[in-house]
Amino acid sequence: MMKSVGAQSHGNPASGRSWWAGATCAGLLAVGGVLVPALAAADEPRQGGTLNVILDPEPPMLILGLNQQSPTQVVATKIYESLLRYDFDLEPMPSLAREWEISDDGLTYTFHLQEGVTWHDGEPFTSHDVVFTATEFLPETHPRASSNFRQLEDVTAPDDHTVEFHLDEAYPAFILAFEVASFPIMPAHIYEGTDYNDNEMNDHPIGTGPFKYERWSRGDYVHLVANEDYWQEGKPHVDEIYFRLIPDAASRALALETEQVDISSYNNIEPFDVPRLEQLPHLEVVTEGYEIAAPLTWIEINHRVEPMDDPRFRQAMMYALDREFIRDNIFMGLGRIPTGPINSVTIEYSDDVHIYEHDPDRAVELMEEMGLERDGNGNFAQIEMLPLPYGETFIRLSEYIRESLGQVGIDVRLRSTDSAGWAQRVADWEYEITNNFVYQYGHPALGVSRTYICDNIRQGVLFTNTMGYCNERVDELFAEAAVENDEERRAAMYEEVQQILVDELPVLWLLEMEFPTIVNTRVRNHTTSAGGVADTFADLWIDE
Amino acid sequence: MSTAKQPVLELRNLSVSLPPGGDRPFAVEQVNLRVAAKEILCIVGESGSGKSMVAHAIMGLLPEPHVKVAAGEALLNGENLFTMSRTRQRQVRGVGMGMIFQEPMTALNPLMRVGEQIEEALRLHSDLDGRGRRARVLELLADVGLPNPEDLRRSYPFRLSGGQRQRVMIAIALALEPDLLIADEPTTALDVTTQKQILDLIRKVQAEKGMGVIFITHDFGVVAEIADSVAVMQHGRCVEYARAEQVLNRPEHTYTRELIAAVPHYIEHREDFVREGTALLKADSVRKVFQVGGGFLRRGRELIAADNVSLTIHPGETVGVVGESGSGKSTLGRCIVGLHKADGGRIVFQGTDLVGLSRKAFRPFRKDVQMVFQDPYASLNPRYRVADIISQGPIAFGTPRKKAHERARELLELVGLDASVARRFPHEFSGGQRQRISIARALALDPKLLIADEPVSALDVSVQTQVLDLLDDIRYQLGLAMLFITHDLRVAAQVCDTIAVMQTGRIVELGTCRDVFSNPTHSYTRTLLDAIPGQQWEIPADLRHLRGERARRPREVSR
Amino acid sequence: MNRDFWNAFASNRGALVGLAILVVVVLMAIFADVLYPRSPWSMVTAPFQPPLSDDVLLGSDTLGRDIAAGVVHGSRVSLLIGLISSLVALFIGVTLGALAGYFGGWVDDAIMRFTELFQTIPNFVLAVVLVAIFTPSIYSLVAAIAIVSWPPLARLARGEFLSLRSREFVLAAVTTGQSTPRIILREILPNSLSPIIVAASLTVATAILLESALSFLGLGDPNMMSWGYQIGAARTVLRQAWWMSFFPGIAILITVLAINLVGEGLNDALNPKLARKGRGR
Amino acid sequence: MAKIGLFLARRLVKAAIILFFIVLINFALIRAAPGDPAAVMAGEAGASDPQYVELLRQRFGLDEPLHTQMWIYVSSVFQGDLGFSYRQGRFVSDLILERLPATLLLTVTAFIFALAMGVLLGTLAAMKVGRWADTAITTLALVSYATPLFWLGLMLILLFSVHLGWLPSFGFESVGAGHTGLARVADVAAHMVLPVLTLGLFYMAVYTRLTRSSILEVHEMDFVKTARAKGVTEGNVMMFHVLRNAILPVITFAGFQAGHLIGGSILVETVFAWPGIGRLAFNALLQRDYQVLLGVFVVTSILVLLFNIITDLLYTVIDPRIEVE
């Protein structure tokens, strides 16, 4: 199975990244792209203007083929393009691929490329670039290329504007692998035959996108200017973009407020600030544009530690938590309360499961039922928690968890770590509980099953089944559902697996997180796809 | 009294008040003095007598507002210094009067060239142009007897010796040829030979310029050397004020008489010490070298503090080591007592060479060789009671605490203190009393040899005498041998049997006290003797007998 | 002696004010559980309540925790860490300084080079790294603060020992056969303590500032409510809730101020000679 | 001149030795940290593939024995090579050099501000000792000395940026405003006001107190009496005799504090989003970017050493007693 990626922070130090890999989506057949109307109602686009975008933290580099952290994406998606884009329902839309077909056996994907596209340095873009990217560049540099392209047999270019991908096994989710961060097309004429990591052009990205790299003042800003030779006539509409590095959350909010910047994304803005900013007449808050990620945050529990090996204890913990309070006061209303392992916007979601209400008395009952006894301080158990070191929200969340569990007699001690220490302890199972959030990539086969199946209990590897939860029935259901073509049968399987997981609570799902994109109202057409801010901005324009 | 001429300065009923809460309300009380042109007035007194306050009050340098003139007038050429405007005061300073301070090492601005410092006064108060000022500076430097005025003008003070700095100070004070020169103990911090030169210089310039001089000192020898008239101060009051000849030879006030009686002076010595038996201590070619200024990645300069020093001390003998600062006399003492490790030579104590002994091997000898230090304020640990201080040695060598404390009380009585003070802390005692405690501590281990390193030089003269007498007494009673280190030949003359004169790390003359004084063979010894101030003055006979008796007392046979 | 000490101390009005404030802070720390029996982390009211709201005197924070409770309980951490880390720094500094000053020579050279090394590394950077590496906890905070705080104390102790070593009462101790440890501990140490105590009291103030700065950066002990943590947590909501950072900041300010004032008073009382230069002529 | 050359040479050798040990200490410290840098990197790249981790390890020499890594690092530092940041894909020296000017601008300005104001206020207080001006200055110094600077920064932002709207609250300049020449200077200066004030106030307090007590101490000295006895005016006594001598300990102390100032810039750069190495260091620390962190350590230590050498040189110029030989 895929073990693509996991928890990410976007705000804080270390950052997030990747999208995804392909997955089987039975029934999802090739469809020609139909442009979904952009979110902001478009008047006549105005040409010109300067766009200021918050960038945080500073990306290590801008070569999207070499680095896919979210800040890198925010900038580099204006420079690089892929074959496809996706609408809010994850339907593919054309990008550098004008049209595409998938063979009936699901083994051949044929893409017809746009014509007359040139790289920023004037070289023509051809199918060779696509083949080079898929067969040479990404397999060497992209951390998830080996899993994304596992079924890929070869890639051929019948002519300059056609590319064919041949799979050795049907894998319907493959159509989702052409999102720009998973498959940024790199210029073959620059990279072919060089050490990709050491290429002298690495400080000057060359793509096909609507904006060209102009200048990067480290610690300060990245400056892009409009590409006059962009293949979409009349675009982009704005003249230049400044990505401003503002490492302090309060300063970022202030910058939006004072109109020094126009757009913030991901968790640039602490949730505390969102309601206030939302009230300002010149700002709007949009939560679309993160559909692929569909992040779900939970409390991760090490099942190797007593008494947390007992489902009743995990249930007790769940009953002790007021998830509405978490949503309203920690995430400031940004998010939905999950019912189970699958995000409600993700395919195959079912709400036919047990619902855990906030019920501290029930929590105490459960623990008494287990035969736990209170110690001198009135505690049933002591637990150490590693707060996810990705920004203040998660620290607040940990503090809340400590208080809430403390009220039902579970004494929680927090233990601070930096991101490296956190990653190591979690990967090596040297933790008791922690919080985490993981992207789902649209489909349970891509971003859900990896967390719960026995096969994926791998010490030392992050974003696997680090809890040590193992239920063979769950494994079976996930495996079969992934290759099941019949929609109803598949739905039944996923429903069953959700019910089992909700009963056994391998982790405690807290919130389906929503990232706020906060935009100055003078900016139009900013969110036009599931990529959200990590899209080309070719259609974006600035009103007076 | 002073001449009938119009006085340069006249003090009328000068009182200087101290901040409330002190031990007395006035530092100076109702002092009346006059200084005429060409007159040198010496103000004499012990520490705390208020003599310096008088000078500071005249110069307007009192640390106001805590200490200030409370009453009286100071008329400089008829003009009251205390009521004139600030501007006028500034003009008067420098032009009307100049001042020299006690401590030449700190009286010059360390960051200014010598020339600039002299020039500053000229720039402020004279019409001379740059060239004229420079010429005047050179002239002044030559006048005060400094070599190479041209080089010296550009030097910074730190390159000058103490004597040279004091000369520079005099040059500054003389720059504008003031009518009055105030010298506040200008020679106290100097070696005796330098002191003589400075005294000569002051006398010379005073005669040349016809100035009035107020010279503040604690030393009657100096008074005898230069004074025209003398004012004796005690506790802020002027107890005797008369012409020098009268005060020196026919003192009236009891206090003056006591002071004069206490002046150390060469007296016809007791019989010569007869050396018997084997030497208690024999120093042979002792050498000690210090590394100076060394540091990281840098070797320091070598300073030879003692070079080829040899002397012997017999039981019951007092050997005086006399020399000026830097002569190596203290180094020698510290090598013997084991505070420094000698770099060469032998120090044989009762047959054992102490040089090169390990700490542990040296320890038994600690009992036998004890030391009395110079500074009574630094030599007693302020945190301990007197009994603990005295008994620390015996306790370290295994005497039970109780017994050691009993012995401490005995020793206190021996050194002339009441046994009951054993429970007090050092800060409750005066300098002389502390020095007694210090002696008691040294005696507690029943030493055979006592090293006394300038034991009286930090004390006022009257106290000095008492401590010297005590040391002498104890030596007789206990039959101690003593190495007495001092810079003052007069002091040495009173207690020593044998005298070694040291100069720059070497002994230049070694002989009986009588020989050294009456028959000095080395030129340096002669220079030292010559430099003793007030030699031509004989202490009045009626005062002299107060001290003579004890000195001539027959020697007890040592045990 | 004690009376003199107290009189000298009391003659400095600032020191008295400082002492009074410090007593209040200490009482606050001692009786924190009486004043606010519930944990300072407990969410007692609605988030973002401004000061003087019904049940929260100084307002509430983003989770509805009582700022006043945090300030009161925070005094414990500040004082505890300030005190313990200063004691540790004092121990390291005085030990090294004493050895360097007493023995001189290569021992002195080596120790002083070592001290210089620690003074060259920017101390806050070092503290941040130490706490981050050894994971934030009360122990790592104390250790880190102590490690960056000892060099000035070592230099001071060395200076004192160096000058006292050649003082005559110490020489007298040598000549009367006292052992070296005894000379160091009984003769020199007690006499070098006055300036060291003063410096140490100022070290406590600096340590509290350091602790708050580290907590502010999120490097505090996550289980202990501290002032620096409160300000750090309030930084992002500075605009909505000024009170969240204002009151803890004032708490740090007056506590540190009080300790400095007391330090000056101690200085006046313990080192009368030095005191004079600080104040009137 | 030759003497100064020799002096410099000796100081440089000494500085190099100190630097060597600093590099060793830092290396040891950071190696003591938990977490395998390669695994962390891989994790953050979203890959948990052991082969990929191994690849990273080889690529960055993390598979060498520790002492080899250390030796390689130490020797390359002394050749001016601070290594390569695999996290940022750039040479550490480039990263630091880009950020250095901003930090230097901030710290040096703050330092000059603190020193100038400190000496000025300290002198003023000493001259008016015991009067209201002295009381006011002393109180200001005491309060500034006790104020946590990160809090001060926040309060200044609250007052001057949020409430009054007078000054920008973050950043180095108004990016994209297209200022050039004097307008740009003014723009940067406006951005600097609050950070400089925040960073400088604490040190100003230190120098004020130091100058004041130093002046009062020098005031008591004999040579000041000598100057008065010459009839020098009070103003000149202060300027030429007192201040010149009193400033020496202030300089010594100020040289010593250079390091603290750079440490303080971590906080100030964080609060004010100032693009300098203090922030670089903090981010590097959180990202476990060893090479950058070591680099920042080395560079700040070099700055401190340089500062100290400059102080020493300055001292030899002011104080003739210091022998440069």
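Protein chains get the first letters and strands the later ones, always in sequence-line order, with residue 1 at the start of each. Worth knowing before you read on, the calculation uses all heavy atoms, side chains too, and leaves out hydrogens, waters and symmetry mates.
The interface of residues 386-397 of chain B with chain C, defined by heavy-atom distances below 4.5 Å, comprises Gln392(B), Gly393(B), Ala396(B), Phe397(B).
The two residues Tyr384(B) and Arg186(C) have their closest heavy-atom pair at OH-O, 2.7 Å. Nearest approach of Arg383(B) to Ser194(C), heavy atoms of both residues: NH2-OG, 3.7 Å.
By the neighbour-count criterion of 12 heavy atoms within 6.0 Å, atom NZ of Lys367(B) is sparsely surrounded, having that number or fewer from other residues, nucleotides or ligands.
Neither the backbone nor the side chain of Tyr377(B) comes within less than 4.5 Å of any heavy atom of chain C. Looking at Leu380(B), the atoms closer than 4.5 Å to chain C (heavy atoms on both sides) all sit in the backbone: N, CA, C or O.
Across Met112(C), Glu187(C), Arg167(C), the residue that shares the most heavy-atom pairs under 4.5 angstrom with chain B is Glu187(C). Comparing Ile451(B), Val372(B), Asp375(B), Val369(B) by heavy-atom pairs within less than 4.5 Å of chain C, the highest count is held by Asp375(B).
The structure places OG1 of Thr175(C) at 6.5 Å from CZ of Arg441(B), a figure rounded to the nearest 0.5 Å. In this structure, the separation between OG1 on Thr176(C) and CG on Leu445(B) is 6.5 Å, given to the nearest 0.5 Å. Ser179(C) OG to Arg363(B) CZ: the interatomic distance, rounded to the nearest 0.5 Å, is 7.5 Å. Taking CZ of Arg359(B) as the reference point, atom OG1 of Thr180(C) lies at 3.5 Å (rounded to 0.5 Å).
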